[in-house]
Amino acid sequence: MRHRVTVEAYLGDSAYGPRYGPPQPGIRCFLDDQTRLVRAKDGREVTSTSTAYCLPGAVVPAGSRVTLPSGRQTTVIATLTRDGGGLPTPDHVEVQLV
């Protein structure tokens, strides 16, 4: 987990647009800059430009704002928990980014 990102958790919409929680800097992950087609939580197919593989237990809700090491800000499409249930697999949280 060589990369660090900053996450501002999505709190919902307000009259002025989306609301975010306070920045949580230094969340460790492996960042993969690869474009691919993913399915959003509402069923739409969306193009993901990056995927962050975080340590188990990372809390990064869909809609959150993420600042990458390059300084680019992006939005979370979906978060998937990858847990092998005790099997010897690389457990992690997959965060798909726009």
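Any value given below was found using the heavy atoms of this structure, including those in side chains, with hydrogens, waters and symmetry copies removed.
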Please walk me through it: do H92 and L55 pass side-chain contact (heavy atoms from CB on, under 4.5 Å)?
-> CA-CA 5 Å; H92 61 281; L55 295 172; over 6 Å; no
What's the spacing between L68 CG and D33 CG if we round to 0.5 Å?
-> 7.0 Å
Just by distance, do the side chain of T74 and the backbone of V98 share a donor-acceptor pair under 3.5 Å?
-> yes
Quick one: do R36 and Q96 satisfy side-chain contact (heavy atoms from CB on, under 4.5 Å)? Show the steps, please.
-> CA-CA 10 Å; R36 62 188 178 132; Q96 299 167 344; 3.8 Å; yes
Rounding to 0.5 Å, atoms CG (D91) and CG (D83) come to a distance of 4.5 Å
Shared hydrophobic cluster, I77 / L31 (ILVMFWY, side-chain heavy atoms < 4.5 Å) | no
Gap separating the CE atom of M1 from the CZ atom of R28, nearest 0.5 angstrom | 7.5 Å
Can you name the closest pair of heavy atoms from V95 and C54 and give their distance?
-> CG2-SG, 4.0 Å
Please determine which of L11, V59, T75, V76 meets the side chain to side chain contact (heavy atoms under 4.5 Å, CB included) test together with S64.
-> V76
Under the salt bridge (Lys or Arg N to Asp or Glu O under 4.0 Å) test, residues paired with R82 that sit two or more places apart = E94
side-chain contact (heavy atoms from CB on, under 4.5 Å) between R72 and T49, intermediate numbers included | CA-CA 12 Å; R72 180 171 73 97; T49 59; 3.5 Å; yes
After noting the C-alpha distance and the side-chain angles of Y53 and V93, does the key distance pass the side-chain contact (heavy atoms from CB on, under 4.5 Å) rule?
-> CA-CA 6 Å; Y53 300 96; V93 174; over 6 Å; no
Locate the shortest heavy-atom distance separating P61 from T79; write the atom from each residue and the value.
-> C-OG1, 4.3 Å
According to the ring-ring contact (aromatic ring centres under 6.0 Å, His included) rule, which pairs have a member within residues 9-38, sequence neighbours left out?
-> H3-F30
Which pairs would a plain distance check flag for residues 40-48, meaning a side-chain donor or acceptor within less than 3.5 Å of a matching protein atom at least two apart in sequence or in another chain?
| from | atom 1 | to | atom 2 | distance (Å) |
| --- | --- | --- | --- | --- |
| D42 | OD1 | R44 | N | 3.1 |
| D42 | OD1 | R44 | NE | 3.2 |
| D42 | OD2 | R44 | NE | 2.8 |
| E45 | OE2 | R39 | NH2 | 3.2 |
| S48 | OG | S50 | O | 3.0 |
| S48 | OG | L97 | O | 2.9 |

Of all heavy-atom pairs between P69 and V5, which one has the smallest distance, and what is that distance?
-> CD-CG1, 4.1 Å
